[in-house]
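Structure, as structure tokens:
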Amino acid sequence: MKNMVRKKKLSCFSVLFVLLLVFSFGGLFSESSEVEYTSAVGDPGMQRDGLRVAIEAWNQCNEVGDETPGMGSPRAADCFDIYQHSSHGVKNCSICEQFPYMLVHKVTEADNKLGVGDPFGEGQREAPNNVDLYAAEKEIYLGTKCEVDDEPNPWQFWMIMLKSGNMDTYAAKCPKDGHKVGPYGPDPRFPCFGKGCMNQPLIYHNYTTLQGPNKTTLLGSFYGSWDLDANVNKGMEANKSYYSVTWKKEVGEGSWVFHHVLKTSLKYPWLMLYLRSDATMGFSGGYHYPTRGMSKIIPESPNFKVRFTLEVIKQGSSSNQFYLMDIGSCWKNNGKVCDGDVTTDVTRYSEMIINPDVGAWCNPYSGLEYCPPYHTFPDGTRVHRNDTTKFPYKAYHLYCSPGNGQYLEKPNNLCDPFSNPQPQEILQILPHPVWGAYGYPTKKGQGWMGDPITWELDVGGLSQSLYFYQDPGTSPAKRRWMSIDIGSEVYKGGETVVEWTVSDFDIIIPKIQVKGRKTSLSANLFA
């Protein structure tokens, strides 16, 4: 019978055993019965003095294509440990007072300048002669230099990502939905000033040092330009692209503050700059090679939150698609995990744009193809995009479908087939009341210029509710997000400047998810 309660007499031993369980595991049963949470990142809240940060640069299809002369492969890192001088047993230790701390860097300038064909130190196997494969190997090599042992998995670094949307269609460097194609053009969708327009940027580096009157301020940066004739030592120049990321922290106090500047130009009008927490192994969002990163546990929908502080200082123009939150994953249209087959793997993105000048392309009259087929409310209610009384059209900037989807609902808008090495699906959302239950902004202007906010976003809950395409009759994919980032994509914006800071970044998951999540870093695609 249902709901039958069997009553038994408890022996003294049983009573003692129950009491032992209560006292031993009382922390799991708080009065509020709240779930216990922990961090999925190696550096929770960006508070670790011994920083681990790296930079990578991609062309339009998330490859290298060609190295920039004198720059090496476009991967570099700044990783160090910090030690405090001790005056124990030493009288009048003036040097201890003048320099209370010492930094020991783990990555040399020679490491950062390694280029295609250069060996990765003594005893390493022969390096690839393919520039794309070499960059992937270099990232793994830098990861070994920076790696921090941790539970349940080691981790390597925060990742700064640069990307240019320039594409030379006549050079035929980018596959179309994962398939090699020949030269074609012109194509007005992609800016290109001519041969060489897909170059990698100049990457310069100020290693982190101790500064300030007491030598307790940690400060470092990466900076550069896509214009190879730019004098970046002068900072921003007219008619030249520019980027910089500067990190700063007081020893033993608070969070690192990452200060970002991105400037587009007429030659490079489509540029991206993000700060990412990537997976520490396997693929990351939009990247089909083994990666290294900060997320020692990959968060899975619906059970994770992301906390950070964002201050937007300069907003740029309406072409600035500033992402309060950008999450990237990969699964096939049948719901299975990606395996490196770029013709059947599909990159999945969801992005919240908070620039109030960016509007909704999704509308019921002339832009239905830019709307996802349906919207799911927090209570589980699902509304089709044809329902003009209930569907929240203004909550969506655009939706685009994967180019290899065989059962797409019509009308549809296919995603750009060139800007990933494989097909992609993108869902871009805007501030709207329907996202309020997840802690996201509910109206335009929230979190924008003059409104710095420490956000705690239920990214897991929101991402579970979003529409992503799958073939009919297939089991739902596990939505595991290998890349979580914040930053700006200036989409064909002429000359514009965007400036912002990020601090306190953390990914929060239920403690129970940590169990059994230890992974191996020995996997290497090129072994």
Side-chain angles (χ1 to χ4, degrees), residues 54-65 68 74-76 135 158-167 174 189-192 197-203 222-227 236 240-245 258-278 284-287 291 293 310 312 314-328 347-355 358 397-398 400 415-416 418-421 424 426-428 482-502:
I55 190 168
E56 63 185 355
W58 296 356
N59 66 14
Q60 166 69 347
C61 42
N62 297 358
E63 300 282 12
V64 174
T68 293
R75 303 290 187 274
W158 301 105
M159 181 62 80
I160 298 162
M161 178 194 146
L162 302 168
K163 179 172 176 174
S164 167
N166 279 8
M167 191 174 89
C174 292
R189 292 178 297 173
F190 306 108
C192 182
C197 71
M198 295 179 69
N199 63 282
Q200 293 296 330
L202 302 169
I203 298 178
F222 287 116
Y223 63 100
S225 173
W226 283 264
D227 289 273
M236 286 186 284
K240 303 290 184 185
S241 58
Y242 179 80
Y243 72 88
S244 72
V245 181
F258 284 81
H259 179 267
H260 307 72
V261 176
L262 179 64
K263 179 180 181 290
T264 54
S265 65
L266 296 179
K267 287 177 67 177
Y268 299 92
W270 186 358
L271 297 176
M272 285 147 266
L273 171 58
Y274 308 134
L275 184 63
R276 298 165 54 120
S277 181
D278 288 330
S284 59
Y287 193 59
T291 190
L310 171 68
V312 178
K314 290 183 180 178
Q315 65 181 23
S317 64
S318 59
S319 59
N320 172 22
Q321 295 184 165
F322 193 95
Y323 301 133
L324 175 72
M325 183 52 43
D326 180 4
I327 57 177
T347 304
R348 319 282 175 165
Y349 292 117
S350 170
E351 301 155 340
M352 160 65 85
I353 301 172
I354 59 169
N355 183 349
V358 176
H397 173 56
L398 68 82
C400 63
C415 291
D416 168 11
F418 294 103
S419 64
N420 255 247
Q424 61 179 336
I426 303 174
L427 190 58
Q428 294 183 328
M482 291 83 78
S483 293
I484 297 183
D485 45 277
I486 302 164
S488 175
E489 175 176 7
V490 179
Y491 180 65
K492 296 195 284 189
E495 280 202 84
T496 190
V497 178
V498 190
E499 184 178 358
W500 68 98
T501 65
V502 174

Looking only at non-hydrogen atoms, find the nearest pair between [X] and [Y] and report the distance.
| X | Y | value |
| --- | --- | --- |
| Tyr268 | Ser241 | CD1-OG, 4.0 Å |
| Gln60 | Asn166 | CB-O, 3.4 Å |
| Asp416 | Gln424 | O-NE2, 2.9 Å |
| Ala54 | Phe222 | C-CE1, 4.4 Å |
| Arg75 | Trp58 | NH2-NE1, 3.7 Å |
| Cys197 | Met167 | SG-C, 4.0 Å |

Stepwise side chain to side chain contact (heavy atoms under 4.5 Å, CB included) check, Leu271 with Tyr243: CA-CA 10 Å; Leu271 297 176; Tyr243 72 88; over 6 Å; no

Can you tell me which residue among Val312, Ile353, Ile354, Ile486 is in a side chain to side chain contact (heavy atoms under 4.5 Å, CB included) with Leu324? Ile354

Looking at Asp278, Val64, Ile203, which one forms a side chain to side chain contact (heavy atoms under 4.5 Å, CB included) with Glu56? Asp278

Yes or no on side chain to side chain contact (heavy atoms under 4.5 Å, CB included) for Val261 and Met236, after CA distance, side-chain angles and deciding distance? CA-CA 10 Å; Val261 176; Met236 286 186 284; 4.1 Å; yes

Quick check for you: to the nearest 0.5 Å, what is the distance between [X] atom [atom1] and [Y] atom [atom2]?
| X | Y | atom1 | atom2 | answer |
| --- | --- | --- | --- | --- |
| Glu351 | Ile327 | CD | CD1 | 9.5 Å |
| Glu499 | Ser244 | CD | OG | 8.0 Å |
| Glu489 | Asn320 | CD | CG | 9.5 Å |
| Ser350 | Ile484 | OG | CD1 | 11.0 Å |
| Leu162 | Gln200 | CG | CD | 9.0 Å |
| Lys314 | Trp500 | NZ | CH2 | 12.5 Å |

Side chains of [X] and [Y]: closer than 4.5 Å at any heavy-atom pair?
| X | Y | answer |
| --- | --- | --- |
| Cys61 | Phe418 | no |
| Lys240 | Lys267 | no |
| Leu275 | Val245 | no |
| Asn420 | Tyr349 | yes |

Mind checking whether Trp270 and Phe190 have parallel, tilted or perpendicular rings, split at 30° and 60°? parallel

Can you list the steps and then say if Met198 with Cys174 is a side chain to side chain contact (heavy atoms under 4.5 Å, CB included)? CA-CA 11 Å; Met198 295 179 69; Cys174 292; 3.7 Å; yes

Got a donor-acceptor contact below 3.5 angstrom from the [X] side chain to the [Y] backbone?
| X | Y | result |
| --- | --- | --- |
| Thr264 | Gly494 | yes |
| Asn199 | Trp226 | yes |
| Asp485 | Tyr274 | no |

Test Ser284 against Arg276 for side chain to side chain contact (heavy atoms under 4.5 Å, CB included), laying out the working first. CA-CA 10 Å; Ser284 59; Arg276 298 165 54 120; 3.6 Å; yes

For Tyr323 and Gln428, which I'm curious about, is there any donor-acceptor pair between the side chains at under 3.5 Å? yes

